[in-house]
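Inspection log for the structure reproduced underneath, given as structure tokens.
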Amino acid sequence: MAAVILGCDAGLLRRWNYRAAVAQVAASGTFLDRWSVRFHPGVGPGTEAWFLLAGSNDAASGLIGHGFVTSEPYQAPADGDDDATDWFFAVALDSLLPLGEQIRAGILCEALPSDLWDTAKGPSPVTLPPSSVAVLRRLWRDLGPSTTDPVEVPGGTFPPEDISTIQVNRYERDPDAQRACLAFHGTSCAACRFSFESAYGAAGTGVMGVHHLVPPAVLDSPYQLDPVADLVPLCHNCHAMAHSASPPLTVTELRSIISAAGHVRGEVVTEVALQAQRDARRILGGGQM
Ligand SMILES: [Zn+2]
Ligand SMILES: [Zn+2]
């Protein structure tokens, strides 16, 4: 799965009405935007995107968001200049940190190769090496928004030969662990955001399942289940998809697959869709930045 850094500046945060965007992601799980660049960007549906704020000083810089590219790149008139053409692609952000809480440059420097840090300052996508992605995911899990689902498999502790699929499933069926997991992570699917309560009303209460993130092969004895770090809410469709691979697909991989599959060839983010999002935010009372 490809991953890129997208550089943000103060003008972009103003255009997003950043505080309202943070609130929208926290409430609905997603914020849509149309990313514009000068030249053809080497991204496609399902590319993982890390949003890096590049301000004039340390306090105004750092990692602020995570999401996925959801369209092929396409050309359209540049914003505010009908005679020029820019490249665009759609992005869906799935987690955003409030301003001031971004993961600071000092911490990120250790995660990113230094030359990459220097080039990742503008809006053009900068491809990340897999080693950096692993570090960013760990940082984001530890320091990102608290609603972020664990995307890394924590080191567990059970001898592989002592555990079978059935024993792992037992963790997923433990009602106390399930309650603790859902109380912390909420009852929407961590991968597709489906909510049984929203779709089926009262009949949907208590239907969301949980998935155990730790594959049997990495468990050592004695293993103590942590329902917040080791379990994640998944609807039954996403749970089946997660277990379609061995080891199971991670939540990040599932989201990437969903972003890529939900894309219809030739589809673009229309001005109508963006306006609808702006209207919804105004009605919901999103404040100014
Ligand atoms: Zn789902
Ligand atoms: Zn599972």
Side-chain angles (χ1 to χ4, degrees), residues 1-6 25-26 28-33 35 43-52 63-71 89-97 103 108 111-112 120 125-156 168 172 181 184-186 188-194 208-215 217-218 226 228-263:
M1 170 168 61
V4 294
I5 291 258
L6 298 175
V25 170
S28 73
T30 187
F31 173 73
L32 305 173
D33 193 33
W35 202 263
V43 297
T47 300
E48 188 174 8
W50 294 93
F51 295 83
L52 185 70
L63 194 65
I64 52 165
H66 175 266
F68 291 100
V69 174
T70 59
S71 79
F89 54 90
V91 289
L93 287 95
D94 59 22
S95 51
L96 266 183
L97 275 170
I103 302 177
L108 291 172
L112 306 174
V126 175
T127 302
L128 284 166
S131 55
S132 295
V133 177
V135 180
L136 285 178
R137 285 194 194 156
R138 193 161 341 114
L139 284 173
W140 198 247
R141 191 194 64 203
D142 294 344
L143 305 170
S146 54
T147 51
T148 303
D149 310 304
V151 289
E152 279 278 299
V153 173
V168 171
E172 297 180 341
C181 167
F184 183 83
H185 294 292
S188 294
C189 174
C192 74
R193 303 288 176 194
F194 181 80
M208 183 58 68
V210 299
H211 167 61
H212 192 247
L213 289 167
V214 190
V218 303
D226 178 340
V228 168
D230 299 355
L231 297 177
V232 69
L234 280 190
C235 76
H236 306 310
N237 289 343
C238 292
H239 204 170
M241 285 307 302
H243 284 284
S244 68
S246 180
L249 298 172
T250 65
V251 170
T252 307
E253 284 169 328
L254 286 168
R255 283 188 189 161
S256 173
I257 290 168
I258 293 166
S259 299
H263 153 78

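For the atom pair Ile103 CD1 and Leu139 CG, the distance stands at 5.5 Å (nearest 0.5 Å). Atom CD1 of Ile257 is separated from atom CD of Glu253 by 6.5 Å, given to the nearest 0.5 angstrom. Between Leu97 atom CG and Leu143 atom CG the span is 8.5 Å, to the nearest 0.5 Å. Remark: Glu48 CD to Leu128 CG distance equals 8.5 Å, nearest 0.5 Å. If you take CG on Leu6 and CD1 on Ile64, they are separated by 10.5 Å, rounding to the nearest 0.5 Å.
In terms of heavy-atom proximity, Val251 sits nearest to Ala190 at CG1-O, 3.6 Å. Summarising the geometry of Leu249 relative to Ser244, their closest heavy-atom pair is CD1-OG, 4.2 Å, with the distance given to 0.1 Å. The two residues Met208 and Pro233 come nearest to each other via the heavy atoms CG-CB, 4.0 Å. The two residues Val210 and His239 make their nearest non-hydrogen contact at O-CE1, 3.3 Å.
Side-chain contact between Phe194 and Cys238 is absent, with no heavy atoms from C-beta onward closer than 4.5 Å. At a threshold of 4.5 Å between non-hydrogen side-chain atoms, the residues Val91 and Phe51 count as touching. Side-chain contact check for Asp94 versus Arg193: some heavy-atom pair is nearer than 4.5 Å. Residues Leu254 and Leu234 form a side-chain contact, since some pair of their non-hydrogen atoms from C-beta on lies under 4.5 Å apart.
The main-chain N or O of Gly67 is never found under 3.5 Å from a side-chain atom of Arg255 such that the two would form a donor-acceptor pair. Judged by distance alone, with hydrogens and angles left aside, the side-chain atoms of His211 form no donor-acceptor pair with the main-chain N or O of Glu172 at under 3.5 Å. In this structure a side-chain-to-backbone donor-acceptor pair under 3.5 Å is missing from Asp33 to Trp35. No donor-acceptor pair closer than 3.5 Å links the side chain of Ser259 to the backbone N or O of Pro45. Between the side chain of Ser95 and the backbone N or O of Pro145, no donor-acceptor pair lies under 3.5 Å.
The aromatic rings of His66 and Phe68 lie perpendicular to each other, with more than 60° between the two planes, well past the 30° mark.
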Leu108/Trp50 under side chain to side chain contact (heavy atoms under 4.5 Å, CB included): CA gap, chis, key distance, verdict:
CA-CA 12 Å; Leu108 291 172; Trp50 294 93; over 6 Å; no

I would like to know whether Arg141 and Arg137 meet side chain to side chain contact (heavy atoms under 4.5 Å, CB included); could you show each step before the answer?
CA-CA 6 Å; Arg141 191 194 64 203; Arg137 285 194 194 156; over 6 Å; no

